[in-house]
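Bear in mind that the values here come from a model prediction, so they are computed numbers and not experimental data. The sequence lines fix the lettering, A, B, ..., with proteins before strands; numbering per chain opens at 1.
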Amino acid sequence: MPEFIREFIDKIKFIYLGDSRYLKLIEGFTNTLKITAGALVVGIIIGIVIAAVRSSYDKNKESLKLRGGIGYHILKVFNAICQLYLTVIRGTPVVVQLMISYFVIFAASDNGVMVGIFAFGLNSGAYVAEIFRAGIMSVDPGQFEAGRSLGFNYIKTMRYIIIPQMFKAVLPTLLNEFIALLKETSVAGYVGVMDLTKAGNIIAGRTFEYFVPLFTVALTYLVCVIVLTSLVSRLERRLRKSDR
Amino acid sequence: MTDNVLIKVQDLKKYYNGEDVKALDGISCEISKGEVIVVIGPSGSGKSTFLRSLNLLEIPTGGHIFFEGTDITDRKTDINVHRQKMGMVFQHFNLFPNMTVLKNMTIAPVKLLGADKAEAEKKARELLARVGLEDRADAYPSQLSGGQKQRVAIVRALCMSPDVMLFDEPTSALDPEMVGEVLDVMKELANEGMTMVVVTHEMGFAKEVGTRVLFMDEGKILEEGTPDKIFNNPENPRLKDFLSKVLI
Ligand SMILES: Nc1ncnc2c1ncn2[C@@H]1O[C@H](COP(=O)(O)OP(=O)(O)OP(=O)(O)O)[C@@H](O)[C@H]1O
Ligand SMILES: [Mg+2]
């Protein structure tokens with residue numbers, strides 16, 4: 001074995017096995033996955049609610065206005081709240097939102113992962129909401145009328161007829177959001193959360209070796225993204241087939 | 001109101017853009033059980049708007065619609081309950097593409113009427129057999145021809161056991177060779193005594209199965225009567241003009 005390769009392997013052994021530093025990396029990776037998955041769940045829930053309010057406002061405002069009553073005004077207020085949320089979230093950097101969550105909203109808590117899920121979930125919700133809304137709008141309005149004409153009310157039409165079709169349409173986009181989110185969580189270290197990036201950074205700081213830890217981190221993200229991306233394209237192919 | 005009247009329309013109005021577009025400009029009529037009403041008229045005369053108002057897919061600007069004695073234009077009426085009794089068939093079928101034919105037909109009875117799934121499927125298969133599609137129960141809409149889709153759309157509505165069926169140009173999106181199979185299903189339905197309101201350009205159908213023809217123009221019913229009177233003895237000049245164009 002050439003000298004330089006043996007040296008390199010020794011270096012890796014020192015970096016990761018000394019002080020069991022590899023455990024940090026595993027902890028960081030686990031936290032990154034937890035934050036990403038948790039944030040996606042939170043984002044999807046927020047996204048569904050916002051998309052439901054916004055598209056039901058768009059779809060029903062005319063008829064509610066005509067029929068009169070309080071319903072129109074309630075929906076209008078909810079719609080305005082959603083609009084405000086979307087504007088604020090999409091108009092400010094995610095790091096700032098994360099810091100506000102950690103140092104202001106949850107100042108009393110030091111559960112960084114939980115705060116991360118909250119902040120990234122809140123952020124992702126704004127984008128997922130727009131994905132869902134576009135998905136709902138992409139479903140033929142005739143589907144909606146068919147549901148209503150059978151006697152389904154607005155909510156049930158959404159639930160049984162529109163949302164299942166919408167999900168199929170947005171699944172690839174949603175997975176892409178998941179990929180973006182995975183990379184975005186790398187700023188979690190700003191508030192001291194031990195995520196993958198932070199773990200690599202700490203190991204680098206302790207060992208004064210930058211090349212190996214940072215490339216390990218980069219490679220880990222890359223592999224995750226490549227796996228997810230291939231999943232998306234396989235899914236897209238399957239969906240296209242079932243449309244025929 | 002006599003017991004036989006199913007739908008009573010009083011001075012129905014539908015305006016768009018303030019009062020710019022008067023799609024319906026004061027429509028009144030009564031539809032009795034068992035009637036087959038055929039609505040004809042030039043493009044833009046308000047036929048679709050009228051039909052779609054009957055189950056409130058369009059919310060009228062004014063006037064009243066009584067269905068089985070209930071004013072469904074009243075804000076306190078739960079329209080969803082009444083829509084279950086009013087089947088509708090669309091020009092573009094509007095089948096649910098992500099569901100099989102059977103699922104298309106059973107989802108409403110199961111979810112809305114609490115029907116037993118096996119029972120609903122049995123009924124659906126019987127209806128499919130009646131329109132000659134018993135072997136397509138597990139197909140998806142994309143695997144059907146236009147005529148087959150429309151026949152499925154008709155029996156999907158029938159699964160709710162409606163008291164009236166509304167058709168908006170059910171054959172207009174079909175290739176000519178498929179028009180007949182859909183009209184045959186509609187004729188059979190009419191012969192069984194189903195109350196029907198049909199917007200169509202198929203004058204042959206109007207003459208053969210229509211019990212009454214409404215001629216609409218500019219949001220008004222300008223003339224109505226039996227097919228014989230409308231087609232052989234038209235009075236209104238615009239009806240005469242319309243007929244001279246469609247009856248070649
Ligand atoms: N959403 C809308 N906004 C504005 N105007 C509308 C709207 N829907 C219908 N109209 C107008 O109302 C009038 C009646 O339309 P409707 O669709 O009922 O006609 P129709 O008799 O069904 O015509 P066609 O034979 O072409 O289907 C038309 O002038 C149409 O342009
Ligand atoms: Mg029309």
Side-chain angles (χ1 to χ4, degrees), chain A residues 56-75 132 135-172 174 235-244, chain B residues 13-16 48 51-52 54-62 73-99 103-113 140-143 153 156-162 165-166 168 173:
Chain A
S56 73
Y57 177 74
D58 288 347
K59 215 160 229 163
N60 294 332
K61 63 180 168 199
E62 292 304 324
S63 64
L64 280 175
K65 236 193 255 171
L66 271 174
R67 295 204 106 187
I70 189 96
Y72 170 70
H73 298 281
I74 295 176
L75 202 55
F132 283 170
I136 289 172
M137 287 196 303
S138 77
V139 177
D140 173 11
Q143 294 290 307
F144 190 82
E145 293 188 343
R148 294 307 302 266
S149 77
L150 284 166
F152 287 100
N153 64 24
Y154 178 80
I155 306 252
K156 284 181 177 161
T157 305
M158 279 293 169
R159 176 167 158 210
Y160 294 120
I161 317 275
I162 307 297
I163 306 256
Q165 293 185 49
M166 175 278 281
F167 252 108
K168 207 176 134 181
V170 303
L171 210 51
L174 203 59
L235 197 76
E236 277 179 328
R237 237 174 296 140
R238 283 249 324 255
L239 290 179
R240 232 176 296 140
K241 228 185 263 167
S242 75
D243 272 347
R244 263 189 246 131
Chain B
K13 295 192 169 97
K14 176 70 180 180
Y15 299 160
Y16 290 106
S48 296
L51 193 78
R52 292 158 54 80
L54 293 180
N55 65 353
L56 293 204
L57 279 187
E58 304 287 351
I59 311 280
T61 316
T73 49
D74 185 339
R75 194 149 47 79
K76 290 183 217 84
T77 308
D78 179 7
I79 182 62
N80 300 303
V81 179
H82 297 281
R83 279 192 186 133
Q84 294 173 6
K85 292 276 140 204
M86 310 171 103
M88 187 167 223
V89 175
F90 302 87
Q91 183 175 353
H92 296 286
F93 330 125
N94 298 353
L95 294 177
F96 307 131
N98 54 332
M99 303 177 196
K103 188 78 198 286
N104 260 281
M105 296 174 69
T106 55
I107 185 163
V110 170
K111 302 290 181 200
L112 294 177
L113 306 179
Y140 282 88
S142 59
Q143 299 165 323
R156 174 176 71 179
L158 290 178
C159 277
M160 293 295 281
S161 311
M165 287 282 285
L166 312 173
D168 192 1

### Query
Which region of A:Asp140, side chain (C-beta onward) or backbone (N, CA, C, O), has a non-hydrogen atom less than 4.5 Å from a non-hydrogen atom of chain B, or is it both or neither?
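Just the side chain, heavy atoms under 4.5 Å.
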### Query
NZ of B:Lys85: more than 12 outside heavy atoms within 6.0 angstrom?
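Atom NZ in B:Lys85 is packed in, count exceeds 12.
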### Query
So, B:Gln84 side chain and A:Ser149 main chain: donor-acceptor pair closer than 3.5 Å or not?
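Side chain of B:Gln84 to backbone of A:Ser149: no pair is present.
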### Task
Return yes if some donor-acceptor pair links the side-chain N/O of B:Asn94 with the main-chain N/O of A:Gly142 below 3.5 Å, else return no.
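Yes; at least one donor-acceptor contact below 3.5 Å.
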[X] versus [Y], closest heavy-atom pair with distance:
{"X": "B:Phe90", "Y": "A:Ala146", "answer": "CE1-CA, 3.8 Å"}
{"X": "A:Leu150", "Y": "B:Met160", "answer": "O-CE, 3.6 Å"}
{"X": "B:Leu112", "Y": "A:Gly151", "answer": "CD1-C, 3.5 Å"}

### Message
As a quick check of understanding, evaluate side-chain contact (heavy atoms from CB on, under 4.5 Å) for B:Arg83 and A:Arg148, giving each step before the final call.
### Response
CA-CA 8 Å; B:Arg83 279 192 186 133; A:Arg148 294 307 302 266; 3.3 Å; yes
[X], part contacting chain A, at a heavy-atom distance under 4.5 Å:
{"X": "B:Met86", "value": "backbone"}
{"X": "B:Leu166", "value": "neither"}
{"X": "B:Ile107", "value": "both"}

### Query
Among B:Met88, B:Arg156, B:His92, which residue forms the greatest number of heavy-atom pairs with chain A at distances under 4.5 Å?
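Of the options given, most contacts go to B:Arg156.
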### Task
Answer yes or no: is there a side-chain heavy-atom contact under 4.5 Å between B:Asn80 and A:Phe152?
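Result no, sub-4.5 Å side-chain heavy-atom pair not found.
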### Task
Indicate yes or no: at least one non-hydrogen side-chain atom of A:Glu145 is less than 4.5 angstrom from one of B:Arg52.
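SC-SC contact between A:Glu145 and B:Arg52 confirmed.
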### Task
Look up atom CG in B:Asn98 and atom CZ in A:Phe167, then write down how far apart they are to the nearest 0.5 Å.
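Taking CG in B:Asn98 and CZ in A:Phe167, the distance rounds to 13.0 Å.
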